[in-house]
Amino acid sequence: MTIYGTRPEAIKVAPVIRAIEESSALDSVTVVTGQHREMLDQVNEIFGIVPDHDLNVFAHGQTLNALMAKVFTGLDPILAQVAPAAVLVQGDTSTVAAASIAAFYRNIPVVHLEAGLRSGNIQSPFPEEANRKITGQVTSLHLAPTSTSRANLLRENIDPASIAVIGNTVIDALLHTVAQGAPFTDPRLQDLADAAQPVLLVTTHRRENWGGAMEGVGRALARLATALPQYTIVLPAHRNPIVREAVLPHLEGLTNVLVTEPLPYGEFTRLLALSTIVLTDSGGVQEEAPSLGKPVLVMRDNTERPEAVEAGTVRLIGTDEERIVTEVAALATDPTHYESMSRSVNPYGDGHAAERAVAAIGTLLGTGERLPEFTPIATP
Ligand code: UDP
């Protein structure tokens with residue numbers, strides 16, 4: 001039983017759900033909590049997944065505790081009725097923490113996809129760092145994307161035999177989707193693709209950046225629009241009104257800023273592929289952009305994804321307005337600097353993580369054997 005609730009979870013579990021459906025040894029049951037609503041439905045639609053159960057927990061402005069309580073009470077009867085052989089959760093949302101505890105309380109083994117990511121700071125990202133540590137404590141099979149994430153789990157005394165390094169399924173999803181070359185439904189994006197102008201792609205949503213920091217992001221974007229008139233700044237705006245109210249007022253009337261609704265995954269990956277620079281506080285985008293050879297500036301002070309930072313294609317720049325302007329301008333105007341950050345690297349996956357996940361689940365349930373682990377191709 002796969003339980004998930006938000007857009008990034010849906011993108012990363014979709015290749016595994018598909019692989020479970022194709023396996024002869026396992027049956028698939030899917031449960032969505034609906035922690036995100038439209039953005040989640042959008043991804044399910046693209047991957048052709050029709051959830052078997054929908055808890056529909058979304059409510060505007062609800063607290064994390066109200067959300068957790070709804071997930072617990074909604075899931076318990078489904079776990080009792082279906083009695084799955086194992087529960088699969090992905091990542092670090094409140095859905096994941098609640099679902100993994102709910103399964104554990106019913107003595108159902110938990111499989112954690114994207115296990116072992118750690119920033120080392122319980123307050124940042126908040127509440128994700130705590131969510132993934134809590135989940136790790138009740139997990140029977142840790143599907144770690146990289147050897148760095150395995151090392152994090154070993155440091156927490158997790159049994160090595162319960163960890164499999166499989167790569168990140170986001171790369172499976174990305175390769176599958178980019179190959180399909182989705183058409184842009186927004187004509188402004190099609191015009192952008194036709195014009196072949198430089199593009200600064202921006203996404204922002206992190207809870208710990210809400211408020212002053214996000215206002216600063218809005219001001220920085222407005223200054224960049226003026227300083228870099230040759231660039232088009234594209235911001236697919238997150239659905240959360242707190243994000244929109246902080247950023248969008250700063251961008252009104254700027255002709256080279258294009259604000260869109262959240263893009264369907266196919267269109268987003270196509271936009272990523274044609275972008276020049278990526279500015280983001282997203283986890284998934286930090287993993288996807290390097291494999292498309294795009295330099296990424298991350299608006300956070302730390303990251304649980306150090307691999308691409310070490311490879312030199314991702315740079316942590318924080319949320320200071322001045323720093324954002326300086327760092328983007330440096331990439332846009334210094335070709336040597338740009339060149340040094342735009343090598344294509346794949347520290348996160350090779351497109352076969354879902355197969356390894358299903359094989360490892362087979363080992364847990366006594367129906368199969370693990371595949372060789374993921375090892376990234378060394379970067380020059
Ligand atoms: N994404 C998308 N449409 C958008 C923006 C992002 O499909 O308009 C995808 C993106 O490719 C990545 C995921 O959503 O796979 C990232 O989601 P988000 O930034 O919301 O969450 P995080 O990865 O930070 O948990």
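We use all heavy atoms of the structure for the numbers below, so side chains are in, but hydrogens, waters and symmetry mates are not.
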Could you go through residues 252-259 and list every donor-acceptor pair under 3.5 Å that involves a side-chain atom there, pairing it with any protein atom two or more places apart or in another chain?
residue	atom	partner	partner atom	Å
Asn256	ND2	Ala225	O	2.9
Asn256	ND2	Tyr231	O	3.1

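Using a 4.0 Å cut-off between charged nitrogen and carboxylate oxygen, Glu288 and Lys294 do not count as a salt-bridge pair. Salt bridge annotation for Glu114-Arg132: absent, with no cationic side-chain nitrogen under 4.0 angstrom from a carboxylate oxygen. Ion pairing between Arg356 and Asp172 fails under the 4.0 Å rule for side-chain N and carboxylate O. For the pair Glu128 and Arg207, the salt-bridge criterion is not met [side-chain N within less than 4.0 Å of a carboxylate O].
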Derivation and outcome, side-chain hydrogen bond (donor to acceptor under 3.5 Å, both in side chains), residues Thr2 and Thr30
CA-CA 5 Å; Thr2 308; Thr30 49; over 6 Å; no
One pair to check against ring-ring contact (aromatic ring centres under 6.0 Å, His included): His36 and His205. What are the steps and the verdict?
CA-CA 13 Å; His36 284 167; His205 73 93; 7.7 Å; no
Could you go step by step and tell me if Glu307 and Thr146 meet the side-chain hydrogen bond (donor to acceptor under 3.5 Å, both in side chains) rule?
CA-CA 9 Å; Glu307 295 86 349; Thr146 67; 2.6 Å; yes
Could you please spell out the steps behind the side-chain hydrogen bond (donor to acceptor under 3.5 Å, both in side chains) verdict for Glu369 and Thr363?
CA-CA 5 Å; Glu369 277 181 27; Thr363 321; over 6 Å; no
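The two residues Thr204 and His238 have their closest heavy-atom pair at O-CB, 3.8 Å. Smallest separation of non-hydrogen atoms from Ile11 and Pro15: O-CD, 3.2 Å. Among all heavy-atom pairs drawn from Leu175 and Gly351, the shortest one is CD1-CA, 3.9 Å. Residue Val110 comes nearest to Ala103 through the heavy atom pair CG2-CB, 3.9 Å, listed as atom of the first residue, atom of the second, then distance. In terms of heavy-atom proximity, Gly218 sits nearest to Val247 at CA-CG1, 4.0 Å. Heavy-atom minimum distance, Leu224 versus Val325: CD2-O, 3.7 Å.
Between Glu129 atom CD and Ile122 atom CD1 the span is 5.5 Å, to the nearest 0.5 Å. Atoms CG and CD, from Leu154 and Glu156 in turn, are 9.5 Å apart once rounded to the nearest 0.5 Å. Between the CD1 atom of Ile171 and the NZ atom of Lys12 there is a distance of 9.0 Å, given to the nearest 0.5 Å. Remark: Ser342 OG to Ile277 CD1 distance equals 10.0 Å, nearest 0.5 Å.
In terms of modelled atom types and a separation under 3.5 Å, the side chain of Arg18 and the main chain of Ile49 share no donor-acceptor contact. A donor-acceptor pair is defined here as one N or O able to donate and one able to accept, closer than 3.5 Å; no such pair exists between the side chain of Ser275 and the backbone of Leu200. The closest donor-acceptor contact from the side chain of Arg118 to the backbone of Ser149 lies at 3.5 Å or more, if one exists at all. In this structure, Gln190 contributes its side chain and Asp186 its backbone to no donor-acceptor pair below 3.5 Å. Although no hydrogens or angles enter the test, the distance criterion places a donor-acceptor pair under 3.5 Å between the side chain of Asn209 and the main chain of Met299. Without hydrogens or angle criteria, Thr139 side chain to His142 main chain gives no donor-acceptor distance under 3.5 Å. Thr313 contributes no side-chain N or O that, together with a main-chain N or O of Val309, makes up a donor-acceptor pair within less than 3.5 Å. Judged by distance alone, with hydrogens and angles left aside, the side-chain atoms of Thr303 form no donor-acceptor pair with the main-chain N or O of Pro306 at under 3.5 Å. The main-chain N or O of Thr276 is found under 3.5 Å from a side-chain atom of Tyr338 such that the two form a donor-acceptor pair. Using modelled atom types, no side-chain atom of Ser23 and backbone atom of Ala19 make a donor-acceptor pair closer than 3.5 Å.
For the salt bridge (charged side-chain N to carboxylate O under 4.0 Å, His left out) condition, the pairs that include at least one residue of residues 62-83, sequence neighbours left out, are Asp76-Arg106. The list of salt bridge (charged side-chain N to carboxylate O under 4.0 Å, His left out) pairs with a residue in residues 270-282, not counting sequence neighbours, is empty.
Under 3.5 Å, the side chains of Thr203 and Thr280 contain a donor-acceptor pair of N or O atoms. Residues Arg300 and Asn302 bring a donor and an acceptor atom of their side chains to less than 3.5 Å of each other. For the residue pair Thr95 and Glu9, no side-chain donor N or O sits within less than 3.5 Å of a side-chain acceptor on the partner. In the model, His112 has no side-chain atom that pairs as donor or acceptor with a side-chain atom of Gln90 under 3.5 Å.
Placement of Val32 and Val89 in two distinct hydrophobic clusters is found when ILVMFWY residues are connected by side-chain heavy-atom separations under 4.5 Å, directly or transitively. Residues Tyr348 and Phe268 share a hydrophobic cluster, clusters being chains of Ile/Leu/Val/Met/Phe/Trp/Tyr side chains in contact below 4.5 Å. Grouping the Ile, Leu, Val, Met, Phe, Trp and Tyr side chains by contacts below 4.5 angstrom, directly or via other members, places Val314 apart from Leu279. Residues Val87 and Ile17 fall into different hydrophobic clusters, defined by Ile, Leu, Val, Met, Phe, Trp and Tyr side chains chained together at heavy-atom separations under 4.5 Å.
Evaluated for a side chain to side chain contact (heavy atoms under 4.5 Å, CB included) with Arg239, the options Arg7, Glu261, Arg37 yield exactly one hit, Glu261.
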